[in-house]
Q: 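Dumping the structure here so I can ask a few things about it.
Predicted model, so just to flag it, every value in this text is computed and none were measured. Below, chain A is the first sequence line, B the second, and so on; all start at residue 1.
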Amino acid sequence: MSDFWLVKSEPSAYSWEKFVREGCATWDGVRNYQARNNLRLMKKGDRILFYHSVQGQAVVGIATVSKESFPDPTTKDPRWVSVELKPVQPLKRSVTLSEIKTNKELANIPLVKQSRLSVMPIEKKVYETILKISSQ
DNA sequence: GCCAACGTTGGC
DNA sequence: GCCAACGTTGGC
């Protein structure tokens, strides 16, 4: 039974398009304990929604965990970890933050309630609801 | 560009 | 251990 997550990235820093082009990504540079704890809990095969923050403000694609947490290669500080992600597929259409905010089932997810958290768990139902919106 | 929310740092 | 100051994130 895999889990579901949402990760954020500013497209100017690392976009979905670049992620797809490169075929996988080391999700490094996380320097927030709560986000780090979530990275540690990720299991291979977990599904991840990829969200564009700042420019775009929408869920744009689906990724999966291809390698579970390991020490963040961008720092010697042992407190921080990374995971490796692989793109699965883009959403048929992006699901915007405003759509998420106005949907009853989605209005309370951390993306909305805790806007600064960059790696967060989501319920299966939330994942499925977002996919459903994207296919409409 | 502004600012609210929040995390971190450092003086006491 | 508290809290003010400061820095960062990200929505608007």
Side-chain angles (χ1 to χ4, degrees):
Chain A
M1 176 62 190
S2 67
D3 288 314
F4 301 88
W5 310 90
L6 184 147
V7 301
K8 301 202 286 202
S9 182
E10 275 198 52
S12 63
Y14 193 81
S15 68
W16 169 259
E17 290 73 20
K18 190 174 179 190
F19 181 40
V20 169
R21 204 155 58 232
E22 296 184 349
C24 78
T26 299
W27 214 253
D28 56 27
V30 171
R31 297 291 182 271
N32 169 283
Y33 290 107
Q34 206 180 340
R36 188 275 316 263
N37 292 344
N38 291 331
L39 289 180
R40 278 187 177 158
L41 291 170
M42 286 184 182
K43 292 276 176 290
K44 195 171 179 178
D46 284 358
R47 292 285 152 149
I48 301 200
L49 294 178
F50 192 109
Y51 174 82
H52 273 167
S53 64
V54 186
Q55 304 102 319
Q57 292 175 214
V59 179
V60 293
I62 304 168
T64 189
V65 178
S66 51
K67 196 173 169 191
E68 294 176 13
S69 67
F70 51 91
D72 187 329
T74 65
T75 177
K76 285 179 185 166
D77 191 329
R79 291 177 298 171
W80 306 116
V81 302
S82 301
V83 294
E84 188 188 85
L85 305 182
K86 278 190 159 54
V88 174
Q89 63 184 57
L91 296 188
K92 276 184 193 159
R93 71 166 184 86
S94 306
V95 177
T96 64
L97 181 62
S98 65
E99 284 179 291
I100 289 169
K101 281 184 166 176
T102 54
N103 184 300
K104 264 188 201 163
E105 288 177 37
L106 306 178
N108 291 312
I109 66 171
L111 182 69
V112 177
K113 293 290 168 188
Q114 213 179 334
S115 66
R116 293 186 53 194
L117 186 62
S118 62
V119 181
M120 67 194 76
I122 54 173
E123 290 169 19
K124 186 179 185 192
K125 195 178 172 191
V126 166
Y127 176 84
E128 287 170 349
T129 301
I130 290 173
L131 289 201
K132 193 175 158 197
I133 294 171
S134 77
S135 68
Q136 282 166 358

Q: For Y51(A) and W16(A), run ring pair (Phe, Tyr, Trp, His ring centres under 6.0 Å): C-alpha distance rounded to whole Å, both residues' side-chain angles, the deciding distance at 0.1 Å, then the answer.
A: CA-CA 8 Å; Y51(A) 174 82; W16(A) 169 259; over 10 Å; no
Q: Please report, rounded to the nearest Å, how far the P atom of dG10(C) is from the CD atom of E10(A).
A: 6 Å
Q: Using only side-chain N and O atoms of K8(A), determine if any of them is under 4.0 Å from OP1 or OP2 of dT9(C).
A: no
Q: Can you tell me the distance, in whole Å, between the CE atom of M120(A) and the P atom of dT9(C)?
A: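 Nearest whole value for this atom pair: 14 Å.
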Q: Side chains of R47(A) and L131(A), heavy atoms from C-beta outward: is any pair under 4.5 Å?
A: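 A side-chain contact under 4.5 Å is absent here.
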Q: Output the rounded distance in Å from NE2 (H52(A)) to C1' (dG11(C)).
A: 16 Å
Q: Can you check the K101(A) NZ to dC12(C) P distance for me, whole Å?
A: 3 Å
Q: In whole angstrom, give the distance that lies between atom CD of Q114(A) and atom P of dG7(B).
A: 7 Å
Q: Roughly how many Å is it from OH in Y51(A) to C1' in dG10(C), rounded to a whole number?
A: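 After rounding, the gap between these two atoms is 8 Å.
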Q: Which atom pairs, donor and acceptor, lie under 3.5 Å between side-chain atoms of residues 18-30 of chain A and protein residues at least two apart or in another chain?
A:
from   : atom 1 : to     : atom 2 : distance (Å)
E22(A) : OE1    : Y14(A) : OH     : 3.1

Q: Whole Å only: how far is the NZ atom of K113(A) from the C1' atom of dA4(B)?
A: 15 Å
Q: In sequence, state the C-alpha distance, the side-chain angles, and the governing distance for K132(A) and E105(A), and then conclude on salt bridge (charged side-chain N to carboxylate O under 4.0 Å, His left out).
A: CA-CA 12 Å; K132(A) 193 175 158 197; E105(A) 288 177 37; over 6 Å; no
Q: Specify the separation, in whole Å, of atom CD of Q55(A) and atom C1' of dC12(C).
A: 14 Å
Q: From the list dG7(B), dC12(C), dT8(B), which nucleotide is the closest neighbour of the side chain of Q57(A)?
A: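 In terms of side-chain proximity for Q57(A), the closest of dG7(B), dC12(C), dT8(B) is dC12(C).
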